[in-house]
Amino acid sequence: MTVTKRKTREKKSDTKVSKQAVKSEAVSNDHQDCDPCDSLDATFKRQLQGVLSRDENATNDMYGALASAVKANLLQQWRETRLKDNQYQQKQVAYLSLEFLMGRTLGNALLSLDLTTETHEALNSYAVDLETLQEAELDAGLGNGGLGRLAACFLDSCASLDLAVVGYGIRYEYGMFKQKVVDGYQIEQPDRWLREGNPWEVRLANHTITVPFFGHTESYVDLQGHRHYVWIDTQDVNAVPHDMPVPGYKNGRINTLRLWKAEATDDFDLAEFNDGDYTEAVARKNMAEQITMVLYPNDASENGKELRLRQQYFLSSASLQDILLRYVAVHGSDFSRFSELNAMQLNDTHPSISVPELMRLLMDSYGLDWDQAWEITSSSVAYTNHTLLPEALERWPVRMLKHMLPRILDIIYEINARYLEDVAHHWPGDNDKLAAMSVIEEGHEPHVRMAYLAIVASFSVNGVAGLHTQLLKSGLFNDFYQLWPHKFNNKTNGVTPRRWLAHCNPRLAQLITRRLGDSWVTDLTQLTALNAFTDDKAFLKQWQSVKFDNKVDLAKLVAAECEVEFDPKMMFDVQVKRIHEYKRQLLNILHVIHLYQRIVAGDTQGMQPRCVLIGGKAAPGYAMAKQIIKLANNVAHMVNSDPVVTPYLRFAFLPNYNVSAMEKICPATDLSEQISTAGKEASGTGNMKFMMNGALTIGTLDGANVEMLEEVGDDNFFLFGLNADEVSQLKSHYNPHQYIQQSPALKHVLEMLKSGHFNLVEPGIFDSIIAAIEDPYDQWMIAADFDAYRVAQENVAAAYANQEHWTQMSIRNTASSGRFSSDNTISAYRDDIWFAK
Ligand code: 376
């Protein structure tokens with residue numbers, strides 16, 4: 001796969017980079033073409049002269065010029081932040097994640113650096129507005145969904161709370177695929193987000209780190225009788241850092257997101273040319289560079305592909321070597337303060353190979369013994385779990401590890417052997433327990449259970465909402481909870497109010513600021529003061545008019561992308577998220593069919609005209625999810641082409657849902673659909689973005705919905721459906737036909753589906769969906785919740801009919817959303833897990 005074969009025995013070689021290298025980082029940057037003291041205007045003009053003299057796409061070039069000017073403006077503060085952090089006086093946190101779903105950078109950077117007004121002024125002399133330039137930026141879609149976007153919100157909050165946190169991730173050449181819809185079906189297209197270059201990144205080739213793969217291990221005993229292990233004949237890959245700035249909100253801190261790019265080691269050409277094996281050499285170079293080529297688009301499902309494991313180890317090894325080098329540059333090889341000054345947060349198990357890798361580096365590169373290395377590892381690594389779905393739990397074949405990472409596998413075995421002694425001590429004579437809790441799952445093809453490895457090594461294990469953490473403790477990880485109750489804690493997710501209110505909803509932000517001042521941006525609990533205005537008629541009108549204007553904007557997007565006309569006077573009812581059976585987009589579609597049937601039958605009593613929007617990507621290999629997209633599109637076609645129906649109901653599937661789309665969607669939404677089967681959605685974060693922007697929620701008692709309901713009260717939330725306990729109790733004797741018989745509405749909907757009404761020229765294509773609903777093993781219990789959902793939707797309609805009251809509820813939702821600022825979440829990570837200042 002790479003390039004250089006290291007034939008020599010090596011000790012400490014992976015990490016042999018000088019202190020100078022680390023120190024020079026403080027002063028080096030590749031972009032000194034702009035004087036940071038210049039005004040934004042002057043820098044922008046200079047950049048523009050360069051690009052406008054060429055006859056190219058003016059908007060893209062102007063965006064590039066503006067982005068470069070803004071970056072030049074922040075370089076000085078970025079350098080100062082780095083200098084300060086390199087002194088290592090405070091705890092440094094590394095957030096290790098295979099995904100950072102950053103979206104666009106420009107608008108957020110302008111907001112945080114307080115440059116929005118200045119930029120508008122600089123643009124005055126050109127025939128282009130800031131919004132147009134912002135739209136020219138391609139999303140950094142380096143993530144699948146919730147887990148990746150959470151990482152991005154967390155980075156924003158860490159910087160805004162003045163915490164020394166580095167995000168470590170992968171610079172995928174191709175991010176999340178672009179979704180097209182052709183004949184109602186999802187088509188995936190590659191996302192070449194770097195094709196026009198990335199004006200925000202700084203490549204730091206002089207900080208390249210080497211990551212070993214393959215080879216084998218040998219050991220020897222030194223003169224003192226200590227055994228040492230060496231990993232030799234490895235094939236090495238270079239990890240080249242590309243840093244992205246993460247500005248704190250108006251506080252002068254610029255943190256770093258360090259993304260690693262895989263490159264073939266330089267000396268490959270020489271060695272392989274001399275061997276005369278040119279084509280092999282080029283092929284191997286390609287293999288090395290493949291590591292960071294593409295993001296795996298499988299949200300919430302295990303993957304098992306070898307390349308994915310390579311990505312995970314590549315990220316883990318490069319990041320840990322980087323962290324150790326920075327530590328050693330200040331503290332030398334005295335590791336006694338390492339865990340006092342460092343914490344590594346694992347974003348799910350994806351980077352959990354970091355555990356044995358840190359052990360390896362401390363022992364094999366820095367000469368510590370097992371106990372010292374374990375003490376350091378197990379007091380600096382913390383693990384966050386993001387899903388209860390068993391199919392999402394990562395397991396790697398032992399065989400694969402043995403081949404690719406032989407030294408790492410040895411260390412995993414040793415960790416397991418020592419830890420199982422604790423288990424045996426806690427449950428004497430219980431062999432079943434040992435097998436159940438072993439990091440190695442035995443069987444025909446033995447596997448390493450990555451979640452268990454992460455729990456064993458971590459001093460903290462957290463879930464992402466109260467219910468989720470409860471279920472981890474009582475279910476999935478119960479054995480571990482019994483062994484180490486102190487490790488388990490909850491950290492309910494949050495979202496950044498900078499991007500998800502101040503930036504994406506300027507109309508509402510200004511309205512709030514006129515009443516409350518602007519300090520809510522960094523202290524979202526201040527929004528509770530909005531409750532005082534729910535009887536202020538003028539305020540209600542302003543609130544309504546903000547929502548209306550936002551709906552006009554969204555309607556334009558829907559018209560352009562879906563060719564469906566959304567009327568801003570109708571209710572906007574929205575479900576956007578990854579397509580997954582447990583999220584139950586199907587339940588939503590069945591309800592649309594039900595409304596359609598009522599309208600066609602002339603039964604429109606109590607109905608409120610509504611526009612239903614669904615958006616989200618299906619994993620390319622997830623057949624049922626793709627069928628659900630097709631069904632949504634076919635139903636939409638029937639609904640939108642019937643003039644009897646459209647005064648009451650319109651339905652669109654929005655292609656290519658991503659971060660930038662959400663920035664338009666959540667400000668314009670009246671009703672937010674959070675309707676997962678209870679106990680399945682770990683937290684949800686879209687739910688919070690909608691709430692912050694004044695949408696009301698129709699939802700189940702799942703994930704963070706539980707806490708949202710707690711904050712806003714059940715008068716301002718449309719709750720329905722089975723709770724998590726009821727779902728798990730019903731599982732053994734679930735009979736969907738019983739629910740279908742009891743619900744004329746559901747029966748009628750299923751009859752229409754079966755009749756082929758939505759697929760007249762495509763017979764049979766929805767058979768698998770119909771079968772899933774009628775299956776007694778339907779884990780998602782669509783039939784069981786249908787009627788409760790239908791009734792809750794009738795309550796929604798009744799509530800929407802009273803616009804004044806609806807607006808009051810909308811205000812109360814925004815007012816109660818303070819707890820779901822990621823500033824709040826990150827303050828809790830800081831105080832309870834990281835112990836950082
Ligand atoms: C994966 C994501 C990408 C690639 C592989 C995966 C394998 C397993 C699980 C994945 N993703 C998640 O588990 C995930 O995105 N979970 C979501 O995390 C959000 C942030 O905590 C929560 O709000 C969502 O409820 C949860 O589904």
Side-chain angles (χ1 to χ4, degrees), residues 95 97-101 141-154 169-170 172 175-177 294-305 307-309 311-312 315 345-352 383-396 449-451 454 461-469 471-472 476 490-496 500 576-584 616-622 662 674-691 699-700 702-708 724 820 822 825-826 829:
Y95 197 82
S97 179
L98 269 283
E99 307 196 358
F100 287 91
L101 196 37
L142 309 183
N144 272 279
L147 168 150
R149 182 55 229 177
L150 185 76
C153 283
F154 278 7
I170 290 182
Y172 300 106
M176 188 61 201
F177 65 80
V294 61
L295 167 76
Y296 275 94
N298 306 317
D299 184 71
S301 79
E302 201 215 346
N303 176 289
K305 291 278 188 321
L307 182 58
R308 170 79 174 173
L309 178 59
Q311 292 182 337
Q312 296 185 347
L315 167 70
Q345 191 72 39
L346 307 180
N347 201 19
D348 216 293
T349 56
H350 314 159
S352 60
Y383 158 56
T384 305
N385 172 282
H386 294 268
T387 180
L388 289 157
L389 300 185
E391 66 265 33
L393 292 182
E394 291 195 299
R395 301 145 66 247
W396 289 110
R449 297 160 162 157
M450 300 310 279
V461 177
N462 75 282
V464 291
L467 173 65
H468 170 61
T469 302
L471 293 171
L472 285 180
L476 205 55
N490 176 245
K491 295 286 167 284
T492 299
N493 283 167
V495 302
T496 170
W500 297 114
V576 284
K577 49 182 79 236
R578 287 299 289 254
I579 309 294
H580 201 292
E581 287 161 281
Y582 84 80
K583 296 178 188 281
R584 296 201 298 195
K617 293 174 183 173
Y622 190 172
M662 185 56 156
Q674 306 300 335
I675 59 178
S676 51
T677 312
K680 306 293 181 195
E681 186 71 89
S683 160
T685 44
N687 47 2
M688 301 166 183
K689 293 164 200 167
F690 284 116
M691 182 190 198
T700 48
D702 201 15
N705 294 355
V706 176
E707 288 148 81
M708 286 166 46
F820 307 106
S822 46
T825 313
I826 287 298
Y829 276 85

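In this text the structure is predicted, and so the values were computed from the model without any measurement. Each ligand, and each atom within it, is numbered from 1 in the order the structure gives.
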What residue and atom, counting heavy atoms only, is the protein's closest point to [atom], and at what distance?
| atom | result |
| --- | --- |
| atom 24 (C) of ligand 1 | Glu681 OE2, 3.3 Å |
| atom 12 (C) of ligand 1 | Leu147 CD1, 4.1 Å |
| atom 23 (O) of ligand 1 | Gly684 N, 2.8 Å |
| atom 17 (C) of ligand 1 | His386 O, 3.7 Å |
| atom 3 (C) of ligand 1 | Glu99 OE2, 2.9 Å |
| atom 4 (C) of ligand 1 | Asn298 O, 2.9 Å |
| atom 9 (C) of ligand 1 | Ala300 CA, 3.3 Å |

At less than 4.0 angstrom from any non-hydrogen atom of [X], what atoms of ligand 1 do you find?
| X | answer |
| --- | --- |
| Asn144 | 3 (C), 4 (C) |
| Thr387 | 13 (O) |
| Val464 | 21 (O) |
| Ala682 | 25 (O) |

Can a side-chain donor-acceptor contact be found between Asn347 and His386 if the only test is distance below 3.5 angstrom?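 Result is yes, a qualifying pair exists.
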Side chains of Gln674 and Glu681, donor plus acceptor under 3.5 Å: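 On atom types as modelled, these side chains do not qualify, holding no pair under 3.5 Å.
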Proximity of Asn493 to ligand 1 by residue part, where a heavy atom lies under 4.0 Å: side chain
Closest non-hydrogen atom pair between [X] and [Y], with its separation:
| X | Y | result |
| --- | --- | --- |
| Ala724 | Ala678 | N-CB, 3.4 Å |
| Ser822 | Thr496 | OG-N, 3.1 Å |
| Tyr296 | Lys305 | OH-CB, 3.6 Å |

Give the single entry among His350, Lys577, Lys491 that approaches atom 6 (C) of ligand 1 most closely by any heavy atom.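 When every heavy atom of His350, Lys577, Lys491 is considered, His350 comes closest to atom 6 (C) of ligand 1.
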